[in-house]
There are 2 protein chains.
Amino acid sequence: MDVKTLCLSVLSLGEASGYEIRKHFEEGAFRHFQTATFGSIYPALGKLYELGQVSVIEHEQDGRPDKKVYTLTESGRTALQQALLRDPAPDAMRSDLLVQLFFAHLLPPEKVAALIDQRIAEYRACIEKMTGCTKAPPGHGFVQGMGLAIYSAAAIYLEQNKAGLMARLTADRPEKDTAE
Amino acid sequence: MDVKTLCLSVLSLGEASGYEIRKHFEEGAFRHFQTATFGSIYPALGKLYELGQVSVIEHEQDGRPDKKVYTLTESGRTALQQALLRDPAPDAMRSDLLVQLFFAHLLPPEKVAALIDQRIAEYRACIEKMTGCTKAPPGHGFVQGMGLAIYSAAAIYLEQNKAGLMARLTADRPEKDTAE
DNA sequence: GGTTGCATGTAAATGGTTACATGATTGT
DNA sequence: ACAATCATGTAACCATTTACATGCAACC
């Protein structure tokens with residue numbers, strides 16, 4: 001799913017500027033399962049305009065560059081619907097943390113504990129931010145609930161299994177205090 | 001985490017050829033949280049060899065190209081350890097399915113149901129394949145358990161909330177049979 | 001006085017995927 | 001027969017990230 005389609009998706013929620021679109025991927029509802037940054041959003045909007053799938057109104061502003069507010073055209077709405085019908089690419093998760101934990105035995109135990117604690121905190125913060133949001137179309141709430149379910153499961157797993165991992169990591173080695 | 005580091009990671013589990021390394025990302029323990037394909041693995045192994053982080057033994061073979069079996073050198077092992085100590089990039093999840101479900105109201109309800117059912121089946125198949133595996137170093141089992149926890153939570157969420165979503169999607173529209 | 005937020009955009013560099021090229025053997 | 005598995009590698013192509021370029025206003 002390319003950035004063009006992603007922009008169409010966000011614009012289907014209402015008109016927006018490139019800057020505002022980015023926020024959906026940075027802080028908004030899309031941040032958990034899609035990524036897009038300025039460098040890809042602005043060119044994508046340009047192409048969508050050439051394709052006639054969005055229209056633009058420029059609002060002049062004082063010290064800043066004009067704000068370009070994009071709106072879906074009928075053609076754009078159709079393009080979005082067609083894109084949504086295509087077979088979805090398989091989900092892809094990329095986690096450096098899990099690589100590190102996979103090789104926990106190659107890291108200092110304190111480092112492992114710190115990594116896990118930090119990630120738990122991140123999940124918890126994320127969960128709190130997510131609870132309670134606008135969710136008018138049924139899909140919005142459904143997807144948010146899914147995110148919540150996954151993050152909660154991840155946080156709980158880390159909380160419940162951290163001690164066990166740490167015990168196994170330090171089991172073979174003599175305690176640092178005495179045997180150094 | 002680039003493919004070079006990923007190759008070092010796999011090789012730390014034992015010597016392997018490029019072809020065998022790929023399997024770790026396609027079917028093996030890494031497939032849930034990292035991706036790498038031939039086009040990136042072979043060049044990465046070449047670079048690692050130039051850097052002296054892996055050594056190679058070529059095994060001649062009958063009709064096929066020589067099999068090049070790579071082994072970590074001391075320098076490679078050190079490089080891996082250092083890479084594992086670096087701050088992990090934040091996890092990134094990319095899911096086209098969740099975009100589709102976010103806009104469920106723009107899709108035919110049957111399509112939505114099919115997408116969810118298919119994904120449940122995929123999760124269940126994945127979970128079955130995962131259960132029971134070698135997990136000598138503690139990290140291996142920990143990471144696998146985390147994957148299992150997440151996939152289970154996702155599958156259960158979809159199973160438990162599918163009906164609710166479908167009901168909300170068809171609530172407003174009159175039943176197709178009568179009102180078409 | 002420094003950081004954050006607003007606001008757009010380009011260009012270079014990175015990195016990876018996809019497709020191609022080759023080809024025997026084994027299983028269905 | 002046909003597909004899959006084994007086995008390596010290159011090159012064109014693609015997309016995205018990162019850095020650059022610019023600059024005011026508001027907040028701390």
Side-chain angles (χ1 to χ4, degrees), chain A residues 1-8 10-11 15-28 30-31 33-51 54 56-70 83 89-94 96, chain B residues 1-8 10-11 15-28 30-31 33-51 54 56-70 83 87-94 96:
Chain A
M1 197 162 267
D2 56 28
V3 180
K4 285 211 301 283
T5 308
L6 258 17
C7 287
L8 290 178
V10 173
L11 289 175
E15 53 167 40
S17 64
Y19 191 87
E20 288 160 351
I21 289 174
R22 198 208 76 198
K23 285 201 282 193
H24 281 82
F25 298 100
E26 208 81 344
E27 320 156 26
F30 285 69
R31 79 179 169 294
F33 51 93
Q34 291 291 337
T35 312
T37 52
F38 284 143
S40 50
I41 291 170
Y42 285 124
L45 287 171
K47 279 176 219 154
L48 288 173
Y49 181 72
E50 282 171 32
L51 291 167
V54 297
V56 192
I57 299 170
E58 292 192 38
H59 295 270
E60 285 180 44
Q61 291 188 133
D62 29 321
R64 307 170 203 180
D66 288 0
K67 182 173 179 174
K68 293 188 178 179
V69 176
Y70 293 87
D91 285 8
M93 152 108 120
R94 183 159 280 258
D96 286 5
Chain B
M1 195 163 269
D2 57 27
V3 180
K4 284 212 301 284
T5 308
L6 257 18
C7 287
L8 291 178
V10 173
L11 289 176
E15 52 167 39
S17 65
Y19 191 86
E20 288 161 351
I21 289 173
R22 196 210 74 194
K23 286 201 283 193
H24 279 83
F25 298 99
E26 208 81 346
E27 322 155 25
F30 286 69
R31 78 178 168 296
F33 52 93
Q34 291 292 335
T35 311
T37 53
F38 284 143
S40 50
I41 290 170
Y42 285 124
L45 287 171
K47 278 177 219 154
L48 288 173
Y49 181 71
E50 282 171 34
L51 291 168
V54 297
V56 192
I57 299 172
E58 292 193 38
H59 296 270
E60 285 181 44
Q61 291 188 133
D62 27 322
R64 305 170 202 178
D66 289 0
K67 182 173 179 174
K68 292 189 179 178
V69 175
Y70 293 86
D87 277 346
D91 285 8
M93 152 109 119
R94 180 159 282 256
D96 287 4

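Everything quoted here is computed from the prediction, not taken from an experiment. All chains are named by letter (A, B, ...) in the order of the sequence lines, taking the proteins before the strands, and each is independently numbered beginning at 1.
- Residue order along DNA chain D, read from the 5' end via each residue's closest nucleotide, puts B:Glu27 first among B:Gly39 and B:Glu27.
- Using a 4.0 Å cut-off between a side-chain N of Lys or Arg and a carboxylate O of Asp or Glu, A:Lys67 and A:Glu20 qualify as a salt bridge.
- Between C:dT8 and A:Tyr19, no contact under 4.0 Å exists linking OP1 or OP2 to a side-chain N or O.
- Distance from the side chain of A:Val3 is smallest for D:dT16 among the nucleotides D:dT16, D:dT17, D:dT10.
- Using a distance-only test at 3.5 Å, with no hydrogens or angles considered, a donor-acceptor pair links the side chain of B:Arg94 to the main chain of A:Thr35.
- Spacing between atom CD1 of A:Ile41 and atom C1' of D:dT17 amounts to 12 Å, rounded to whole angstrom units.
- In this structure, CG of A:Asp66 is placed 18 Å from P of D:dT22, rounded to the nearest angstrom.
- With contacts defined as side-chain heavy-atom distances shorter than 4.5 Å, the pair B:His59/B:Asp66 does not qualify.
- Residue A:Tyr42 has a polar side-chain atom (N or O) positioned under 4.0 Å from OP1 or OP2 of C:dT8.
- Between A:Tyr70 and A:Glu15, the closest side-chain pair of non-hydrogen atoms is not below 4.5 Å.
- Contact annotation: A:Thr37 does not reach the phosphate of D:dT16 (side-chain N/O to OP1 or OP2, under 4.0 Å).
- If you take NE2 of A:His59 and P of C:dT8, they are 11 Å apart, rounded to a whole angstrom.
- Contact between the side-chain N/O atoms of A:Lys4 and the OP1/OP2 oxygens of D:dA15 is not found at any separation under 4.0 Å.
- Across the interface with DNA chain D, nearest-nucleotide mapping of B:Lys23 and A:Met1 shows B:Lys23 to be the residue nearer the 5′ end.
- The side chain of A:Lys68 contributes an N or O atom lying less than 4.0 Å from OP1 or OP2 of C:dG9.
- A close approach under 4.0 Å does not occur between any side-chain nitrogen or oxygen of A:Ser17 and OP1 or OP2 of C:dA7.
- Note: CZ (B:Phe38) to P (D:dA7) measures 10 Å, nearest angstrom.
- Distances from the side chain of A:Ser40 to the nucleotides D:dG9, D:dT17, C:dC6 place D:dT17 closest.
- In this structure, A:Lys67 places its NZ atom 17 Å from C1' of C:dG9, rounding to the nearest Å.
- Taking atom CD of B:Glu26 as the reference point, atom P of D:dA4 lies 14 Å away to the nearest angstrom.
- Protein atom CG of B:Leu45 is 13 Å distant from nucleotide atom C1' of D:dA7, rounded to whole Å.
- The interatomic distance linking A:Glu20 (CD) with C:dG9 (P) rounds to 13 Å, in whole Å.
- With hydrogens and angles disregarded, no donor-acceptor distance shorter than 3.5 Å links the side chain of B:Arg22 to the backbone of B:Tyr19.
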